[in-house]
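Numbered from 1 within each chain, the chains take letters A, B, ... in sequence-line order.
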There are 2 protein chains.
Amino acid sequence: MARQKITPRAGPPTEGRARAVIEAITPSVDGGRFAVKRVVGDRVEVEADCFADGHDVLACMLRHRRDDDTQWHETAMVALPNDRWRGAFTVSAPGRYYYTVTAWVDGFLSWRHDFARRIDADDLRIAALVGADLIDAAAQRASGADRRQLAKWAAQLRDIDQVSALRALALSDELAAVAKRHPDRSLATTYPVEFPLQVDRVRARYSSWYELFPRSCADSTGAHGTLRDCVARLPYVADMGFNVLYLPPIHPIGRERRKGRNNTLDAGPSDVGSPWAIGAAEGGHKALDSRLGTLDDFRVFLTAARDHGLELALDIAFQCAPDHPYVREHPSWFRKRPDGTVQYAENPPKKYQDIYPFNFESEDWEALWHELASVMTFWIGEGVRIFRVDNPHTKPFAFWEWAIDRIKREHPDVLFLSEAFTRPKVMHRLAKLGFTQSYTYFTWRNTKRELTEYFTELTQGPGRDYFRPNCWPNTPDILPEYLQLGGRPAFMSRLVLAATLSANYGIYGPAYELLEATPREPGAEEYLNSEKYETRLWDLARADSLSSFIARVNAARHDNPALQTDAGLSFVPIDNDELICYAKVDAVSGNAVLIVVNLDPRNAQSGWVTLDLEALGLDAERAFQAHDLLTDARYLWTGARNFVMLDPARVPAHIFLVRRSVRTERDFDYFL
Amino acid sequence: MARQKITPRAGPPTEGRARAVIEAITPSVDGGRFAVKRVVGDRVEVEADCFADGHDVLACMLRHRRDDDTQWHETAMVALPNDRWRGAFTVSAPGRYYYTVTAWVDGFLSWRHDFARRIDADDLRIAALVGADLIDAAAQRASGADRRQLAKWAAQLRDIDQVSALRALALSDELAAVAKRHPDRSLATTYPVEFPLQVDRVRARYSSWYELFPRSCADSTGAHGTLRDCVARLPYVADMGFNVLYLPPIHPIGRERRKGRNNTLDAGPSDVGSPWAIGAAEGGHKALDSRLGTLDDFRVFLTAARDHGLELALDIAFQCAPDHPYVREHPSWFRKRPDGTVQYAENPPKKYQDIYPFNFESEDWEALWHELASVMTFWIGEGVRIFRVDNPHTKPFAFWEWAIDRIKREHPDVLFLSEAFTRPKVMHRLAKLGFTQSYTYFTWRNTKRELTEYFTELTQGPGRDYFRPNCWPNTPDILPEYLQLGGRPAFMSRLVLAATLSANYGIYGPAYELLEATPREPGAEEYLNSEKYETRLWDLARADSLSSFIARVNAARHDNPALQTDAGLSFVPIDNDELICYAKVDAVSGNAVLIVVNLDPRNAQSGWVTLDLEALGLDAERAFQAHDLLTDARYLWTGARNFVMLDPARVPAHIFLVRRSVRTERDFDYFL
């Protein structure tokens, strides 16, 4: 932390005549300790309480600059009720910005305000002389035409005797406009904190992730898939409408204490091991598992993915297999046990003997930090711009803050997804310190009440300025009970929820679209025959695959700005607890989408929604069209209360585009 | 502001191994920019979010120190749910304190936590060796008996082979207690802000003010009262149970442009002028109006007041009559008009030609600040410890912050009441920057809804840590319409509301107890024949005087700790909008008071209250006594719902002491 402790004051301040005060600037994350997050193209609205003693008139400016700017850019703030002021600026490039507020008691504006209220003639004449002095001073600060014009007005204010003419000049908009350009800011107050703002590219706000194990992309059973096989898989993923393709670690996998199928301790020679047990004799985090291919293959794959509109996300898992070269080369980065062995990962009584965690309390921590950061810069050098970070909550916060800041200064387009399924404060801290997106508890939020509470907190709580949820209905580690028991309707409804409640979401496939639902054992949340420990051959052409359904959901996301932001979510009352309904409205375009999901995977459910027509931009008197983007059905609705029924045996959800009626010509309505 | 701007980070932090993080410390006013307020004897509870990466166990300490302490005092914080920690300390003397939080990942506690969860014998034996090293290191940090004992335990952990004995020793409370005394804090994190805390004497939290014009204390019509006359008035004020006696300015009153009776512009030679038009040839803010007496008289009066349990509060009004010596001696402290005259106070079109405001934008502002502060230190030198500050919102915030801080460093027992009836943000800023108590909008909050909303905000909003309301049903400037129209019942109910909703309150008398209710003109809020411009002779013995009623209300305040604090206020539902009901409970003593007020000054009103029995410390099954401290009537109530009826023609309010039944012996109940 760079903030200094507050030292007791002794004498008066250096400048005691600065009368404006500034308070309560928003947005702000922990008083400016962490950055507010926005994306390119956003209009950043900033508010502050600004006021002074007495009744004088203030002027307030919002200042902002990019990290590398030496100059502030200023925009005037406008007064709202109750001494609140608002200003805004638009950000057009990714990077780190700062903003703050400056305010001053404006002599000219105060004079003008009072002048308009003066009544008696002597009073007006004396006030005109006071104004002439102020305007002369403004002329001194101006140059060129402004300077000449101001001086002329000042002279006129001294000369004119007729009160009505005096009043007309003193209060003229022309005079005010020019004088305002040259204020006396010598006694301005500037808020002492410069609030950091992290501007990311748009993908930080809107992304659709697909996770797959590249080694399962071979086209025959038992074969080890390669990155070249993955190239062939790209059209399949792209056709579903995803835009991020995320691969688990692609590095050499440890041989020592390698885990067998279903996480057994006795791996046979044909067992492929867990990709998260990183490192073997041939290399570590900067190397490629040779069974997947070469770095050249990686480059080909990356380019091919990009050609399919798919951006690659790599896994960053900072831990080592026992045979990772680091263990030999940097013994000080690992904790030793009293018996001389290296301390493996454990959470007693559980032991993870195939994994050595780094010891961040090592004397050699600084070299460790630099090396780990260099892993990411290595892959950035190979063209990667998104990292999904494994268990960031088991490494020090200070490390991540330093590493992400360091990388984003050089590469402001790099995005980091925090895979921290842990305590809420820890998840939030990781988001605050720099992670672009965060895994969430969505995976375990199933009921209407749970979903409503959680997404209200995410989109309206303080996290809205720094915590971008990325919602996953499954991961290679997590097959939730709801999917195990709910069958195909559960997979459909959970997908719609993830993809419409959150602008960032992802699935682990093909397990998802192929409805993989068998747990390792009853009551367990892990997959049986998990791809973490073996390769799988998936029958992508299966008739029951959800791939085309997923494509429709992703197309709805692609076509509707309301689904590309977490702002503008509001829950809609519906009189059936098995049905959840919510609206998303994009403030800029007015695009409005209404989602209804049947949370009961077994029975048809129906109910009445009560819409907030005004929030949806609808006229209570005119019909509007609810156009279901999943089935292409169109319903003509009027008024706030409308009926819905969803049968899980068919489609358990509606994603309605709300089409407003634009004109009526005899028998035809046109809906936008 | 002493806080520094945040500078962009470059390299890793100096110590990257400090893994604990600290967030969200409460209480906190604007992130530590301003002081939290408490009084002597308070237990200051501090909470923080403290956590680290991974699953290690933290230790957290609350640190506090008085301004003049070089050492921190530390108390251990205890873990609450959700990574929240709480600690507390008690403050025993007025002054400025600071507090902050320090936390670290505790090696010993983490080891102990894991040890308890280990199962297999080899694992336990190796863990014992790890523990032995930790305990040896603790021994190195200890001395004396602790050191010897820790070293002995470390050796035993290395020697013992039997697992059950090992476990017994490792997890023994004795070992934990001693080891915890010598933690390894080398990688501790301390929150970078030291939060200021202003501790005042108890009167800051609980005070009953009586304002009178000393010049009206003479015992014959038209005579100018003196401070000696005021001495004779003291028993009258003390008998009503007040503990602060506040005098409007007692300085020489300007003769130039003196105002006459009822604020007329043409004062005659017998007109006494407004005490707020301060300064004449014979002196200014450090002088005494000779008609009131000498400084010796003042000292006699102050002592006599103290002997009657009355503390004197003086008025600080930083403005000048045109003949104030400052005007001649320090022309640079005043603004000049272009015609060479001094700028009088104005708020166009209103003019206050008898008042010259100070120009705080003067080049000579620093000398002005020092002189004004010296006015207060002059009267402090005369024994005054409470100042009621007139219109502080028309002088710069920075001045007050500096002046109050400067004075309280020397005289931590001095209290400042802010007379700022202005915009909410301005009132709050004055409270934040140091004013001990604040005038409020109570004066204009009449309905049940208004009172409920306003006092909920005051007692539960962020202001609760820095804004101490002081509620006045009238002032020499304000005769509210409710009092003009409501007659005696209105005076009674407004008094009860002020005195029980707020632990600090005051009245302007004898106008109040003598039911003075005639406005200067219909629709005006000012008094006719206001004491601001003339002396009055009051008939204190009038039969309809409220003095004995006021004495009963003040006695209830004196006897009940619940009425001496703003904490513990909760509104109680009552099914009649003309009746307001609220409870005050003192958390320390359990003292509980229930107030019901009839807001309708004309009609009897009745209704059913629904009490929160648990909050009042009552048993739903047992009767309790509602003992009305105004009438001494006692009601036996059972359960949450109870009936009340209040006739404004008799007493429009109940102040019930809630007496709990302590035991039942045959026919008698005893109530505490």
For chain B, find which of E366(A), K350(A), K351(A) contributes the most heavy-atom pairs closer than 4.5 angstrom.
K351(A)
Cut-off 4.5 Å, heavy atoms of chain B, and the answer for R19(A) is both
Are E23(B) and R33(A) ion-paired here, with the side-chain N under 4.0 Å from a carboxylate O?
no
Quick check: closest heavy atoms across R17(B) and E361(A), and the distance to 0.1 Å?
CD-O, 3.3 Å
Region of F399(A) that comes under 4.5 Å of a non-hydrogen atom in chain B:
neither
How close do W369(A) and P13(B) get, counting heavy atoms only, and between which atoms?
CZ3-CD, 3.4 Å
Bottom line for D114(B): the part with an atom under 4.5 Å from chain A's heavy atoms is both
Which atoms of D133(A) come close to chain B, meaning under 4.5 Å heavy atom to heavy atom: side chain ones, backbone ones, both, or neither?
neither
Under 4.5 Å from any heavy atom of chain A, what part of H113(B) do you find: side chain, backbone, both or neither?
neither
Is it true that E346(A) and R117(B) have a side-chain N and a carboxylate O under 4.0 angstrom from each other?
no
If you tally heavy-atom pairs under 4.5 Å against chain A, which of A18(B), P396(B), A24(B) wins?
P396(B)
Which atoms of E15(B) approach chain A - backbone, side chain, both or neither, heavy atom under 4.5 Å
both
Please give me the minimum heavy-atom distance between W365(A) and T14(B), naming the atom from each residue.
CZ2-O, 3.5 Å
Pick one of side chain, backbone, both or neither for S362(A), based on which atoms fall under 4.5 Å of a heavy atom in chain B.
backbone
Nearest heavy-atom contact between D53(B) and T394(A) is OD2-O, 3.7 Å
Among T422(A), D339(A), D123(A), D56(A), the residue with the most heavy-atom pairs under 4.5 Å to chain B is D123(A)
In terms of heavy-atom proximity below 4.5 Å to chain B, should H393(A) be classed as side chain, backbone, both, or neither?
backbone
Check R423(A) against F51(B) and note the closest heavy-atom contact, atom names and distance.
NH2-CB, 3.7 Å
Chain A interface, residue from I126(B), L129(B), V426(B) that has the most non-hydrogen pairs under 4.5 Å:
I126(B)
Shorter than 4.5 Å, heavy atoms on both sides: which option in H55(A), K395(A), R84(A), K432(A) has the most such pairs with chain B?
K395(A)
At a 4.5 Å cut-off on heavy atoms, which part of N82(A) comes close to chain B: side chain, backbone, both, or neither?
both
Residue E363(A) versus chain B: region with a heavy atom under 4.5 Å:
both
Side chain, backbone, both or neither: which part of D49(A) has a non-hydrogen atom closer than 4.5 Å to chain B?
side chain
Hey, are R429(B) and D83(A) close enough for a salt bridge, meaning a charged N less than 4.0 Å from a carboxylate O?
no
Tell me, for K425(A) versus chain B, whether the close heavy atoms (under 4.5 Å) come from the side chain, the backbone, both or neither.
both
